[in-house]
Enquirer: 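Okay, here's the structure, questions in a sec.
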There are 2 protein chains.
Amino acid sequence: MKEILMKYLAKYTTLTEAEQQAIINDLIIEGFKKGTYLIKQGDSPTKKCFFVLKGCVRQYYLDDDGKEVTSNFYTEEQAILLFNYEEPDQSSNYSLTCQEDCALVVADVESELKMYKQYTELESMTRSMMENYLAQAQNEYAKFIRSSPEARYKMIVQNRPDLLKRVPQHQLASYLGMTPESLSRIKKRIQ
Amino acid sequence: MKEILMKYLAKYTTLTEAEQQAIINDLIIEGFKKGTYLIKQGDSPTKKCFFVLKGCVRQYYLDDDGKEVTSNFYTEEQAILLFNYEEPDQSSNYSLTCQEDCALVVADVESELKMYKQYTELESMTRSMMENYLAQAQNEYAKFIRSSPEARYKMIVQNRPDLLKRVPQHQLASYLGMTPESLSRIKKRIQ
DNA sequence: TATCCTTCTTAACTTAAGTCAATGCTCCAT
DNA sequence: ATGGAGCATTGACTTAAGTTAAGAAGGATA
């Protein structure tokens, strides 16, 4: 499991193998059963973040009508970064729930900051990763906005085909910004 | 003009005033006339990024049909971060053009990295800002996806009313993921 | 096995957005 | 001032997605 993390450190830093090991040994890997909530909407602001080693985590919120709106699915090798601790007065805007049995790296912000102090390269790596995430998010956003629900479905088929099998369709529909009925019809339409 | 930058440094770092001054004196502030292109789609990958002190910069790309799709408007105190240098083989996906006369901080990646080496706190600040940007982007995305064109228009009226006056409507429409005709009708519908 | 609950599909209807086309408006340049 | 280009509005029509409601399929549980 920890090889995945080693891969990251090796790729983005020039830390020695010993240092890499030291860092990884400090990390906490936890297992979570399907259905577990990592955070619930309304909880006091999280100081935690996660990295998915195995499984699938769904992020959602309840809209004004009380309906679940799925805003993300996190799967293998994706980081779950909810930065609502930046507005410390606000409670969590989202819920995080395990769609499957999961293995996650669990980190809290304080120890993260400590680590940055100890290994400045680690912070460089994080900065660089954040830039990548942001770039990706911007690109996806730009494409998505301009797409019809049908085009969005085709995109997900292209980019994250695994989700189609791992995730209930009505949740996928809401993630794609459409109704379950629409998704059903689109699937039929394009066979 | 430089006070804005000082504000950032003071807010997010504990650098001494002298250090802050030194950093800011290293920055290049350039003026650009309305209509100037900062980058053109297809250019070789940029090593530059910008920070808007004054004016409005539009980011757009040409879709498969050759139509302009506006993916962002950057105004005062917003950073323009195009991280396509992460995929060094690819050319720029976007064009950046000045909608108005602009004053921008122009930075290039190499000198940025050098500065990080010199002032590690500066990299901390950047990491933290990136996390904020990302969080913001994710939140906006989640809201947007689930909204109708009409709801999106209302959101922009709420959040960035200045854009309504600064920007041609057909560009705004494409930024909101709708046709100019739709935007015109929506405006009429809700007076 | 029978029952219940959730999910998915299908249908009929409504509506808002896309498309195409024509008309006006504004600003700019000559 | 005039003409032209680009932009905004409006209308008629088409279409895809939302809404509501009903039924079918699949899984879990007793």
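To find a chain, count down the sequence lines: A is the first, B the second, and so on, and within it residues start at 1.
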Enquirer: Check the interface with nucleotides 23-29 of chain D: list each N/O to N/O pair with the protein under 3.5 Å, or write none.
Expert:
none

Enquirer: Evaluate the side chain to side chain contact (heavy atoms under 4.5 Å, CB included) criterion for residues B/I4 and B/F51: first the C-alpha distance (whole Å), next the side-chain angles of each, then the deciding distance (0.1 Å), finally the verdict.
Expert: CA-CA 11 Å; B/I4 299 171; B/F51 183 88; 4.2 Å; yes

Enquirer: Is A/E131 reaching over with its side chain to a backbone N or O of B/M130, donor-acceptor style, under 3.5 angstrom?
Expert: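 Such a contact is absent between A/E131 side chain and B/M130 backbone.
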
Enquirer: Return each pair, listed once, that meets salt bridge (charged side-chain N to carboxylate O under 4.0 Å, His left out) where at least one residue sits in residues 163-176 of chain A; pairs must be two or more places apart or across chains.
Expert: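 Only A/E76-A/R166, A/E100-A/R166, A/D162-A/R166 qualify under salt bridge (charged side-chain N to carboxylate O under 4.0 Å, His left out).
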
Enquirer: Could you give me the CA-CA distance, side-chain angles and deciding distance for B/Q169 and B/K187, then say whether side chain to side chain contact (heavy atoms under 4.5 Å, CB included) is met?
Expert: CA-CA 11 Å; B/Q169 257 179 56; B/K187 275 176 53 187; 2.4 Å; yes

Enquirer: Who else is in the cluster with A/Y37 when I, L, V, M, F, W and Y are joined by side-chain contacts under 4.5 Å?
Expert: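 A/Y37 clusters with A/Y60, A/L62.
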
Enquirer: Measure CD/A/Q171 against P/C/dT6 and give the value in whole Å, please.
Expert: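 Value for this atom pair: 13 Å.
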
Enquirer: Taking salt bridge (charged side-chain N to carboxylate O under 4.0 Å, His left out) as the cut-off, I'd like each qualifying pair that reaches into residues 7-16 of chain B, sequence neighbours left out, listed once.
Expert: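 Output for this query lists B/K7-B/E77.
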
Enquirer: Please give, in whole Å, the distance from D/dG18 P to B/R146 CZ?
Expert: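 Computing the B/R146:CZ to D/dG18:P distance gives 7 Å.
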
Enquirer: Taking the side chain as everything from C-beta on, heavy atoms only, tell me whether B/T70 gets closer than 4.5 Å to B/V167.
Expert: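 Counting from C-beta outward, B/T70 and B/V167 never come under 4.5 Å.
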
Enquirer: Residues two or more places apart in sequence or in another chain: which of them pass side-chain contact (heavy atoms from CB on, under 4.5 Å) with B/R152?
Expert: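 A/I145, A/R152, B/F144, B/S147, B/L176.
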
Enquirer: What is the separation between atom NE2 on B/H170 and atom C1' on C/dG18, rounded to the nearest whole Å?
Expert: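 B/H170 atom NE2 is separated from C/dG18 atom C1' by 18 Å.
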
Enquirer: Whole-Å distance between D/dC7 P and B/K67 NZ?
Expert: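 Whole-Å distance recorded here is 14 Å.
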
Enquirer: Test of understanding: with side-chain contact (heavy atoms from CB on, under 4.5 Å), list the residues that count as partners of A/S124, not counting sequence neighbours.
Expert: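 Residues passing side-chain contact (heavy atoms from CB on, under 4.5 Å) with A/S124: B/E123.
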
Enquirer: So if I take the C1' atoms of five pairs at each end of the helix from C/dT1-D/dA30 to C/dT30-D/dA1 and get each local axis, what angle do the two axes make, rounded to 10 degrees?
Expert: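 One end axis against the other gives 40°.
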
Enquirer: Nearest 0.5 Å, please: how far is CG in A/L122 from CD1 in A/I23?
Expert: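 So the CD1 of A/I23 and the CG of A/L122 are separated by 4.5 Å.
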
Enquirer: Heavy-atom contacts under 4.0 Å between residues 147-168 of chain A and DNA chain D, which residues?
Expert: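 Residues of residues 147-168 of chain A that come under 4.0 Å of DNA chain D are, in numerical order, A/P149, A/E150.
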
Enquirer: Which protein N or O atoms sit under 3.5 Å from an N or O of nucleotides 22-28 of chain C?
Expert:
none

Enquirer: From NZ of A/K188 over to C1' of C/dT9, roughly how many Å is that when rounded to an integer?
Expert: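 That distance rounds to 8 Å.
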
Enquirer: What residue among B/Q78, B/R58, B/Q59 forms side-chain contact (heavy atoms from CB on, under 4.5 Å) with B/N72?
Expert: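 Exactly one option meets the side-chain contact (heavy atoms from CB on, under 4.5 Å) with B/N72, and it is B/Q59.
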
Enquirer: For the pair made of CD in A/Q99 and P in C/dT7, what is the distance, rounded to whole Å?
Expert: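 So the CD-P distance, A/Q99 to C/dT7, works out to 10 Å.
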
Enquirer: For the hydrophobic clusters of this structure (ILVMFWY residues joined by side-chain heavy atoms under 4.5 Å, transitively), does one cluster hold both B/L81 and B/Y12?
Expert: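 Same cluster: B/L81 reaches B/Y12 through Ile, Leu, Val, Met, Phe, Trp or Tyr contacts under 4.5 Å.
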
Enquirer: Under 4.5 Å between side-chain heavy atoms, hopping through other hydrophobics if needed: is there a path connecting A/V52 to A/L172?
Expert: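 The answer is no; the residues belong to distinct hydrophobic clusters.
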
Enquirer: Show your reasoning for whether side-chain hydrogen bond (donor to acceptor under 3.5 Å, both in side chains) applies to B/R127 and A/T126.
Expert: CA-CA 7 Å; B/R127 178 193 53 74; A/T126 305; 5.9 Å; no

Enquirer: Near DNA chain C, counting only heavy atoms under 4.0 Å, which residues of residues 172-186 of chain A show up?
Expert: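 DNA chain C contact set from residues 172-186 of chain A: A/E181, A/S184, A/R185.
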
Enquirer: Within this structure, what is the CZ-to-P distance between B/R189 and D/dA8, rounded to whole angstrom?
Expert: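 From B/R189 CZ to D/dA8 P: 18 Å.
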
Enquirer: Which residues satisfy the side-chain contact (heavy atoms from CB on, under 4.5 Å) test with B/I190, sequence neighbours excluded?
Expert: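 Partners of B/I190 by the side-chain contact (heavy atoms from CB on, under 4.5 Å) criterion, ordered by chain and then number, come out as B/E150, B/Y153, B/K154, B/I186.
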
Enquirer: To the nearest Å, how far apart are A/K187 NZ and C/dT7 P?
Expert: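 Going from A/K187 (NZ) to C/dT7 (P), I get 14 Å.
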
Enquirer: Who pairs with A/D101 by side-chain contact (heavy atoms from CB on, under 4.5 Å), at least two apart in sequence or on another chain?
Expert: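 For A/D101, the residues satisfying side-chain contact (heavy atoms from CB on, under 4.5 Å) (neighbours in sequence not counted) are A/K33, A/K34.
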
Enquirer: Between A/Q169 and C/dT9, does any side-chain N or O lie under 4.0 Å from OP1 or OP2?
Expert: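 Answer is yes, contact under 4.0 Å.
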
